[in-house]
Asks: 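The structure's right below; bear with me while I get my questions together.
Hydrogens, waters and symmetry mates play no part in the numbers below; they use all other heavy atoms, side chains included. In listed order, ligands and their atoms are each counted from 1.
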Amino acid sequence: MSNYHVKNLEEYFQVYRKSVRDPETFWEEIAEENFVWRKRWDKVLEYDLSKPEISWFQGAKLNITENCIDRHIYSRGDKTAIIFEPNDPNEEAEHITYKQLHERVCRFANVLKDQGVEKGDRVCIYLPMIPELAVAVLACARIGAIHSVVFAGFSSKALATRINDCECKMVLTSDGSYRGTKTIDLKGIVDEALESCEGVESVLVAKRINSDIQMKEGRDKWLQPLLDEAYHDCVPEIMDAEDPLFILYTSGSTGKPKGMVHSTAGYMVYTAYTFKNVFQYREDDVYWCTADIGWITGHSYIVYGPLANGATTVMYEGVPTYPDWGRFWQIVEKHNINQFYTAPTAIRALAKENLDFVEQYDLSSLKVLGTVGEPINEEAWHWYNDNIGNKNCPIVDTWWQTETGGIMISPIPYSTPTIPTYATLPLPGIQPALMDENGNELKGNLVSGRLCVKFPWPSMARTIWGNHQRYKDTYFSAFEGKYFTGDGALRDSTGYYRITGRVDDVIIVSGHNLGTAPIEDAINEHPAVAESAIVGFPHEVKGNALYGYVILKETGESRNHDNLRKEINQIITEHVGPIAKLDKIQFTQGLPKTRSGKIMRRILRKIASKDTSNLGDTSTLLNPEVVQDIMDNAL
Ligand code: WT7
């Protein structure tokens, strides 16, 4: 039996028990047997969750790109590492072998160095899903620069906030991007963002759509000529196990986005381990995750996890709807995809379309199907199972977070029996706990509560960039000595976990994690708006959609409401991005508030969800009369 690759349920239980009984030996064996280290660790784990301080493989030295690329050159140099599938199905796919990836990453790394990037510097990557994105990420890791990838659907203001928060000195972008029939002017967005980012010294621009863009003298350079001139080999920077590998921003319920900091060795070990087990990847498989590398799913399960296993990983540039709703399945057939990983929102959207889009393609290569990002409803699960998996492919409903770095609760295919809507069992090394509101752990089965993790795991985020106190307050203060996830969950009679959704003010829309605060801040920028509150309500395709309650200033009250709604969504698009647009906007005279001035979102949520039979206790409200008024005018 090897700890690294779990192959049946009995093995899972054995390995799981070992991982709890003796976590250090468990992870030590995995680290020892499956990676290359420049120096061995002195201590596997050191932690104090009250501070919190966590350190895995302390004293070890390594470079993650050596593990993801160099070591494979000897054993599988001509194997395809990355398949790039372009937006346009008529453009040829690109197959990048491990040898070629090595050269491209080395050249890019040398360009970064030539441009003055040093170990520890932050580099913002704002690129579409083209090979340069994966190469840029790895090039940063090669030289020890900390990458901060910003999803290239975020607006200029959102980009600027993220660039400034971690003081990036360089931005990597492209002239533009393709999305179905549309092109997006990425360079224009970067230019706008940089008007308020003084620390950025240089911008390197990849050419993708051949648009006519402005290049700012002294700041902007085309990437390709620099790559062509750069040396094809680059000695990897030797990093400490705990050196930061990257920063990735995620929304919080309040305040600005949180720059989650992930460190090198633990992240590598955990993403590689979970990739291998959750997808049961075998040497000749072709694996496809449809996420964007701008999210944690892409970091961990398009780039690092698969490459650390010498896998073939697909990067798809386009959208599920172009040229038609059959695009995903056409790609599955074309590249003989074995493992397919996507979001429930995509499944729900696809399930609404004609089955012809599925049936015209041969999906028999598929072995494992995955979902991530939000709870999957039973109907979508069955559609996925029946029509895509042909009832033959286990579905792994993987629960995790930007903060956890890797998958935490998930079936292991062909080992764990699956049940729709259940993420099932914790992966080896993960010790979940359900807590009641008084801070007591709920032991035994058939309980539901707040989901925590009570023991460190290697890929947990180590801090929030520039604000360790916030890291402690957000994740380690609600329940002493435990990491609090912000989710609720139940444990059924067999010990299976079902995630029931957020218990804070984060709303998951189409699998995207949206905090209420930045959206409300954006709305409040509108000159006619006095105050606003947004909540989520159930939506057939998106899972949740956003409902805004807006109080207008007296000066704005006479304005045409439809125009105001458009303007509000326009402002949100500019400040946050189009994913945060509101589906419904209700103008109201007041918002239900507690005596301490806090908006009672619970009530607003119920009204938005048309679930007003029992509004709960409203006696603590300062202004109970507004509730009836809001209900009477609900949309
Ligand atoms: C939140 C984290 C992990 C990568 C994508 C999202 C929700 C995630 C599931 C699932 C139910 C899920 C949780 C979590 N979530 N996966 N399988 N079932 N809910 O990362 O943006 O950090 O969001 O997504 O609410 O806390 P993220």
Side-chain angles (χ1 to χ4, degrees), residues 149-151 153-154 246-253 257-260 262 267 270-271 274-275 278 289-305 341-348 369-378 380-381 384 395-411 416 418-427 430 432 448 450-453 459-461 464 474-475 478 483-490 496-515 518 536 542-544 577 579-580:
V149 183
V150 177
F151 171 59
F154 274 117
F246 65 85
I247 300 167
L248 185 61
Y249 286 86
T250 187
S251 327
S253 31
K258 298 170 286 192
M260 304 312 307
H262 282 283
Y267 177 82
Y270 194 77
T271 54
T274 49
F275 173 76
V278 171
C289 165
T290 69
D292 192 289
I293 292 175
W295 309 113
I296 190 71
T297 309
H299 281 61
S300 302
Y301 299 110
I302 296 177
V303 182
Y304 288 114
Y341 192 28
T342 197
T345 185
I347 298 166
R348 288 191 295 264
L369 302 176
T371 73
V372 60
E374 54 183 319
I376 179 163
N377 50 307
E378 198 147 351
W381 193 97
Y384 201 27
I395 296 177
V396 289
D397 176 353
T398 63
W399 174 83
W400 57 298
Q401 311 177 294
T402 304
E403 296 86 336
T404 69
I407 298 169
M408 304 286 281
I409 304 183
S410 167
T416 320
T418 58
I419 303 179
T421 76
Y422 281 81
T424 75
L425 297 170
L427 292 179
I430 303 307
S448 82
R450 293 169 182 233
L451 179 60
C452 290
V453 186
S459 67
M460 64 197 297
I464 292 173
T474 311
Y475 303 105
Y483 167 80
F484 174 46
T485 65
D487 283 314
L490 64 80
Y496 271 22
Y497 288 86
R498 178 187 189 169
I499 311 301
T500 47
R502 300 291 307 188
V503 295
D504 56 12
D505 292 333
V506 169
I507 308 170
I508 313 258
V509 178
S510 297
H512 298 309
N513 196 330
L514 300 175
K542 302 183 198 178
N544 295 292
I579 49 177

Asks: What about the rings of Y475 and Y483, do their centers lie closer together than 6.0 Å?
Replies: yes
Asks: Do T371 and ligand 1 have an N or O pair less than 3.5 Å apart?
Replies: no
Asks: Could K542 and E374 be called an ion pair, given the rule that one side-chain N must be under 4.0 Å from one carboxylate O?
Replies: no
Asks: Provide, to 0.1 Å, the distance between atom 24 (O) of ligand 1 and the closest protein heavy atom, together with that atom's residue and name.
Replies: G373 O, 3.2 Å
Asks: Does some side-chain heavy atom of Q401 sit less than 4.5 Å from a side-chain heavy atom of T250?
Replies: no
Asks: Hey, does I247 have a side-chain heavy atom less than 4.5 Å from the side chain of M260?
Replies: no
Asks: For atom 22 (O) of ligand 1, what's the nearest protein heavy-atom neighbour? Residue, atom name and distance, please.
Replies: T402 OG1, 2.6 Å
Asks: Classify the contact between Q401 and ligand 1 as side chain, backbone, both or neither, using a heavy-atom distance cut-off of under 4.0 Å.
Replies: both
Asks: To check your reading of the model: name the closest protein heavy atom to atom 13 (C) of ligand 1, its residue, and the distance in Å.
Replies: D487 OD2, 3.1 Å
Asks: Please state which part of H512 comes within less than 4.0 Å of ligand 1, counting heavy atoms only: side chain, backbone, both or neither.
Replies: neither
Asks: Please name the pair of heavy atoms, one in T371 and one in D397, separated by the smallest distance, quoted to 0.1 Å.
Replies: OG1-CA, 3.6 Å
Asks: When the ring centroid of Y249 is compared with that of W295, is the distance short of 6.0 Å?
Replies: no
Asks: Any atoms of ligand 1 less than 4.0 Å from a non-hydrogen atom of T297? List them with their elements.
Replies: 4 (C), 5 (C)
Asks: In terms of residue, atom name and distance, what is the protein heavy atom nearest to atom 23 (O) of ligand 1?
Replies: N513 ND2, 3.1 Å
Asks: For atom 10 (C) of ligand 1, what's the nearest protein heavy atom and its distance?
Replies: E374 O, 3.5 Å
Asks: Suppose we call two aromatic rings close when their centres sit under 6.0 Å apart. Are Y304 and H299 close by that rule?
Replies: no
Asks: In ligand 1, which numbered atoms sit nearer than 4.0 Å to a non-hydrogen atom of D397?
Replies: 10 (C), 17 (N), 18 (N)
Asks: C289 versus T297: any side-chain heavy-atom pair under 4.5 Å?
Replies: yes
Asks: At less than 4.0 angstrom from any non-hydrogen atom of T398, what atoms of ligand 1 do you find?
Replies: 9 (C), 10 (C), 16 (N), 17 (N)
Asks: With heavy atoms under 4.0 Å as the rule, classify the contact between I499 and ligand 1 as side chain, backbone, both or neither.
Replies: side chain
Asks: Run the numbers for me: atoms of ligand 1, each under 4.0 Å from some heavy atom of I508, listed by number.
Replies: 1 (C), 7 (C), 24 (O), 25 (O)
Asks: Side-chain contact test, heavy atoms from C-beta onward, threshold under 4.5 Å: evaluate it for S410 versus W400 and give yes or no.
Replies: no
Asks: How close does the nearest protein non-hydrogen atom get to atom 11 (C) of ligand 1, and which residue and atom is it?
Replies: P375 N, 3.1 Å
Asks: Nearest to atom 2 (C) of ligand 1 by heavy atom, W399, Y301, Y422, W400: which?
Replies: W400
Asks: Side chain or backbone of I296 under 4.0 Å from ligand 1, or both, or neither, by non-hydrogen atoms?
Replies: side chain
Asks: Do the side chain of T500 and the main chain of G488 share a donor and acceptor less than 3.5 angstrom apart?
Replies: yes
